[in-house]
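Read the structure below first, then the notes.
In what follows, chains carry the letters A, B, and so on, assigned in the order in which the sequence lines appear, proteins first and then strands, with residues in each chain numbered from 1. Keep in mind that the numbers below use all heavy atoms, side chains included, and drop hydrogens, waters and symmetry copies.
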Amino acid sequence: MPELPEVETVRRSLTDTLSGATIVAIEERFPGVLIDESEGYTLPLTIERLRRRGKYLLFDLIDVEGKALILIAHFRMTGKFYIEHHNHVQPHTHVRLKIIKDGNTFHLDYVDVRRFGRLWLYDSHDENRHKTIAGLGPEPLSEAFSEESLRFSLKRRHGSTVKATLLNQEEIAGIGNIYADEALFRAGIRPQRRSGRVTKKETAKLHLALRDVLELGIGHRGTSFRDYVDGLGRPGSFQQLLNVYGRSGEPCHVCQTPLKTIRVAGRTTRYCPRCQR
DNA sequence: AGGGAAGCCTGCGTGC
DNA sequence: TGCACGCAGGCTTCCC
């Protein structure tokens, strides 16, 4: 499931191939996956650059008349971009963008088995036209995410579990189930604890742990637990470093106690009953 | 108001 | 072998 490190890895993997390329045709193969909120444009669209905000991938576009647009993608569970150099169409391809780069023609396919993901098109390069993006919390790897801002988030959501607060995109952008569980393990905090009961010292540990797992995740090109691959079809390797996610019942890497599985904030949650208090 | 839960989706693993 | 069922989970919407 693509979280911040996976979306960042997709962005990096597609940047060289797509920067400066032009979209010469947009084919909707399944209705409703691409939501066009623009007031119109004239093809071709030049891809100026790829950016990321939380779990959203952003394409800054300029149409043939110089008008700025933005294409926004959210993969949810199983969405992915796939570069198709031949005319083959793999199953669950919902949007096909015909691309020309340096005289070469290929397709950028949006493929999504469960069809939870969406693409949006807006006028201007301002991703905040998208209401949910406008409400996102700070980027956890930016200066805006500090020990202080995390403390403020935990205080504001004092009644929710600490895991629910980490998953709340309005508090921190880009954390999902895998990296939330991993960060809580590293910080020694039980996921079901109330946010308001996390001490200042634990908050500092959690802040560091979140930064660490996200940076490690990016460094390992993401977590390929089920079927995640980057924009060029390559799996990541962070799954080799997971301490709790997907390890229910297995011994804790630190104390050998069998890991527990519970349900927190509607999500399957794994933790070590001895290391996490 | 704010938090919990249902609903959206399909593939896959399990049990009968 | 085949079928029914449960589970995976990010986000929106609904409900308490």
* C/dG10 phosphate, OP1 or OP2: any side-chain N/O from A/Tyr179 under 4.0 angstrom? -> no
Set out, line by line, the N/O atom pairs under 3.5 Å between protein and nucleotides 5-10 of chain B.
residue : atom : partner  : partner atom : Å
B/dT10  : OP1  : A/Arg115 : NH2          : 2.9

* Asked: Are the aromatic ring centres of A/Phe238 and A/Tyr228 under 6.0 angstrom apart?
  -> no
* **A/Asn177 CG - C/dC11 C1' separation (whole Å)** => 14 Å
* **Axis-to-axis angle between the two ends of the helix from B/dG2-C/dC16 to B/dC16-C/dG2 (five base pairs per end, rounded to 10 degrees)** => 60°
* Applying side chain to side chain contact (heavy atoms under 4.5 Å, CB included) between A/Ile23 and each of A/Thr46, A/Ile99, A/Leu18, A/Leu108, report the one that passes. => A/Ile99
* **Phosphate OP1/OP2 of C/dC11 contacted by A/Gln169 side-chain N/O (<4.0 Å)** => yes
* **Carboxylate-amine/guanidinium proximity below 4.0 Å for A/Glu202 and A/Lys200** => no
* Asked: Given C/dG10, C/dT12, C/dG9, which nucleotide is nearest the side-chain atoms of A/Glu3?
  -> C/dG10
* To do: For the pair A/His94 and A/Tyr110, name the ring-plane relationship: parallel under 30°, tilted 30 to 60°, perpendicular over 60°.
  => tilted
* **Rounded distance in Å - CD (A/Gln239) to P (C/dA8)** => 19 Å
* Output yes when at least one side-chain N/O atom of A/Lys131 is less than 4.0 Å from OP1 or OP2 of C/dT12, else no. => no
* **Charged N-O contact under 4.0 Å between A/Glu171 and A/Arg156** => yes
* Provide, to the nearest angstrom, the distance between the CZ atom belonging to A/Arg270 and the C1' atom belonging to C/dG9. => 10 Å
Solution key, residues 56-70 of chain A side-chain donor-acceptor pairs under 3.5 Å, sequence neighbours excluded:
residue : atom : partner  : partner atom : Å
A/Asp60 : OD1  : A/Arg51  : NH2          : 3.0
A/Asp60 : OD2  : A/Arg49  : NE           : 3.1
A/Asp60 : OD2  : A/Arg51  : NE           : 2.9
A/Asp63 : OD1  : A/Glu65  : N            : 2.8
A/Asp63 : OD1  : A/Gly66  : N            : 3.1
A/Asp63 : OD1  : A/Lys67  : N            : 2.9
A/Asp63 : OD2  : A/Thr42  : N            : 3.0
A/Lys67 : NZ   : A/Gly40  : O            : 2.5
A/Lys67 : NZ   : A/Asp123 : OD1          : 2.8

* Structure fact -> Rounded to whole Å, the CD1-P distance (A/Ile262 to C/dA8) equals 13 Å
* Aromatic rings A/Trp120 and A/His130: how do their planes relate, parallel, tilted or perpendicular, breaks at 30° and 60°? -> perpendicular
* To do: Would you mind listing the cluster partners of A/Leu259? Hydrophobic ones only (ILVMFWY), side-chain contacts under 4.5 Å, chaining allowed.
  => A/Phe185, A/Val244, A/Val254
* Check ion pair A/Arg12-A/Glu8 (N to O, under 4.0 angstrom) -> yes
Can you check nucleotides 12-14 of chain B for protein contacts, nitrogen or oxygen pairs under 3.5 Å, and list what you find?
none

* Whole angstrom value for the distance that separates P of C/dG9 from NE2 of A/His74 -> 15 Å
* Between A/Arg157 and B/dG3, does any side-chain N or O lie under 4.0 Å from OP1 or OP2? -> yes
* Rounded to the nearest angstrom, tell me the gap between atom CD1 in A/Ile35 and atom P in C/dC11. => 14 Å
* Would A/Thr78 and A/Asp112 count as a side chain to side chain donor-acceptor pair (under 3.5 Å) if you check the C-alpha gap in whole Å, the side-chain angles of each, and the deciding distance to 0.1 Å? -> CA-CA 5 Å; A/Thr78 52; A/Asp112 190 347; 2.7 Å; yes
* Does the pair A/Glu139/A/Arg53 count as a salt bridge with the N-to-O cut at 4.0 Å? -> yes
* Set of residues satisfying side chain to side chain contact (heavy atoms under 4.5 Å, CB included) with respect to A/Ile100, sequence neighbours excluded -> A/Thr22, A/Val24, A/Thr105
* C/dG9 OP1/OP2 closer than 4.0 Å to side-chain N/O of A/Thr268 -> yes
* What is the distance, rounded to the nearest whole Å, between atom NZ of A/Lys155 and atom P of B/dG2? -> 17 Å
* Figure out the CD1/P separation between A/Ile133 and C/dC11, and round it to whole Å. => 11 Å
